[in-house]
Each structure stands twice: as structure tokens, then as C-alpha cells.
Amino acid sequence: MRLFDNPGIRGLSLGALDPYVRRQVRGTRPTILFFSAAGRTVPDFLARWVNGKGLTIVPVPDPADVEQRVLRSLPQLVVIDADGGPQGLALCARLKADSYSAIVPLAVLTSRHTTDRVQEWFSAGADEVISPLFEPTEQASRLDGLMTRTARDVAVNPSTRLPGTTEIEREIRRRMENGELFAVCYADLDHFKEYNDRYSYNDGDRVIYILSRILHDVVKGLLGNRGFIGHIGGDDFICIIPFDAIPDVCGEVLEVFDTLIPYQYNEQDRRAGYYFGKDRRGQLHRVPLMTLSIGIVTTSTAGSRTRRRSASWRPR
């Protein structure tokens, strides 16, 4: 049975997701992205599997659009048609080269099974390759297994999907063994507890997610694969960047943060620039809007440790 023989499946459009607006940014319906450079329709077995899971499948014909959607909405799964030419293989390699998008499981569908071709896809980072060698029931079971393995992945923080402490330690060790000159930047929110107390843990979770996107977008946008972003937990993040990129990266992160974070408050608090809250002793005091601090340690022979608060950078 050929995989691509169903002309009647049409996907639902997936609207652009802006992660910076003041709402629940990760409450989108679970989505599967299907890419076929040849314009093939969704295979029958995949359509049945998706319907049985209550998911939404979205055919996306543009590989750049697939990358953008993966970064912005973190779909449940990406499925690539292997028979559509080299674009699919290149897309797979790009998605799996980025630590943020790599956690999204990626399955490949091919209408013919050859050992060399399967190995090529696995080398590019594919998590599963499904061919006519497997019966439709086994094809669906392999997708089930892929999703189960992904759910068990403990190398990332579950709230932001960024690499966790294990990957952070591995990245630091790798750069040190290579003799690189780099900086470890520790980002932490100021007045975050008071924000949680005044608003809600759901709002606080959204702020943490927004911060994770700011760090990811700035570091990857400026440095590409030369930058690394990890999430220790809570409101604590780690960025590992080249030494000479410190001013540009940290300055941009702070500027974007200070631009966006006031909109996580109601209009009254935003206009005032503060609100009244209770400290740990129950005493009422004036609480300013959240700021971001970044502590920096480098492998420079001179050594350095700086403290950054909000939009100003004044090394001490």
C-alpha cells in the first residue's frame, strides 16, 4: 500500500502566534505540521491516526514557514514527505540543529524503503522513518512510540522546552574542552514573586515563557549556532555566548524585555510603574515593575563578573 494515496485530506490553517501578547501563549490546539515539497496530500494512515488522537494536521508547503511555525507554536509533531526532493532533508537537518526546535519530534514518510535512504534521514536527525515495509497498524504504532519517547525526554525544561541542566553542563564542558573564550550569562527576574502574588501563577508562567522566547530569539538571531540557551528552572536561565558578543546580546535582551514586560501588568499598574504588595513578613510596601538581572562569568584570563539590571549595563 502506497503512503500517499488520499486526495481528500485538507489541513486547517494555523494562524500566526505572537508569544508576546498578554494571554495564554501555549494554549493552542495540539497541531501536526505536514511538509511535502512535491505537494502530496496527507496519507490515509496518518489522517486516521491524527483524527484518533484529536489533533489538527496542517499541510505547510513552504519549508521556511514550517521552521517559523515550529519556533512559534511548538507543534506536537512534524511529518516530512521524503519523496519530495532535497528540501525535506535540508529542513529536517535545520530543525534538528537548533536545540529549541530539535525537541519537537520529526517523522519521515517514504513510499519506498532503501537502507541508504533511511540512514540518510536518521543522520539528518529524523526521529522516525516510516515506509511501506510496515503495515498501516505498525505505522501508527511507530508514531505512538515516537510521541511516548518524546514525552519521556528529560533533557529539557517542561515549561519552556529549553535544554535543562544536563545539556547546560554538557555545553559548558564542550566549550571548555575546545578552549573557547566564552561567557556564561545567568538571567534572573527581579520582583517575580510579588508579581505572582498580585496576579496569578498562570500569569507568572506566561512571563517565564516570554522571557525564554526573548532569550532564544535574541541569542539565536544574533549568533545562530554559536549561542546556547538553557533553562535551569523557575525564572532562572542560562545563556552561553562568545565573549565578544556580551554587549550586543545582553543589551538587546534587556531592551526587548523592558519594552515588553510592562504589558504583562494591568493598565493601572503599568501607568504608575509600581503597585503595593506585601513582603515575606506581611508588611505593605511599594513594588516596582519586574526587571531582569544578568550575571556574567567568562573564561577570560582576567575574569569578570558583572551585574546588569533592567536596560542599563554598567559593569562593576
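One-based numbering along the sequence shown. Atoms considered below: every heavy atom in the structure, side chains included; atoms not considered: hydrogens, waters and symmetry mates.
Judged as a salt bridge (Lys or Arg N to Asp or Glu O under 4.0 Å), the pairs with a partner in residues 102-121 (not counting sequence neighbours) are, in order, Arg117-Glu120.
In this structure, the side chain of Gln139 engages the main chain of Phe134 through a donor-acceptor pair within 3.5 Å. No side-chain donor-acceptor contact under 3.5 Å links Asn178 to the backbone of Glu180. Here the side chain of Tyr195 pairs no donor or acceptor atom with the backbone of Val207 at under 3.5 angstrom. Side-chain N or O atoms of Lys220 include one that pairs as donor or acceptor with a backbone N or O of Gly227 at under 3.5 Å. Judged by distance alone, with hydrogens and angles left aside, the side-chain atoms of Asp269 form no donor-acceptor pair with the main-chain N or O of Tyr275 at under 3.5 Å.
Scored by the side-chain hydrogen bond (donor to acceptor under 3.5 Å, both in side chains) test, Asp62 finds no partners at all (sequence neighbours excluded). With sequence neighbours excluded, no residue forms a side-chain hydrogen bond (donor to acceptor under 3.5 Å, both in side chains) with Asp235.
Contact check on Asp127 versus Arg149 returns no salt bridge, with no Lys/Arg side-chain nitrogen under 4.0 Å from an Asp/Glu carboxylate oxygen. Ion pairing of Arg173 with Glu177 is absent here, as no side-chain N (NZ or NE/NH1/NH2) approaches a carboxylate O to less than 4.0 Å. Salt bridge annotation for Arg271-Glu267: present, with a cationic side-chain nitrogen under 4.0 angstrom from a carboxylate oxygen. Note on Asp65 versus Arg69: salt bridge recorded, some NZ/NE/NH1/NH2 to OD/OE distance being below 4.0 Å. Salt bridge present: Arg170 and Glu167 bring a charged side-chain N and a carboxylate O closer than 4.0 Å.
When only modelled atom types and interatomic distance are considered, Thr291 and Asp190 share a side-chain donor-acceptor pair under 3.5 Å. Donor-acceptor pairing under 3.5 Å is recorded for the side chains of Ser200 and Asp203.
Using cut-offs of 30° and 60° for the angle between ring planes, the Phe237 and His231 rings count as parallel.
In this structure, Ser131 and Ser111 have side chains that are not in contact, with every pair of non-hydrogen atoms separated by 4.5 Å or more.
The local environment of CD in Glu135 is sparse, with at most 12 non-hydrogen atoms from other residues, nucleotides or ligands closer than 6.0 Å.
Tyr201 and Tyr199 have their aromatic ring centers separated by at least 6.0 angstrom.
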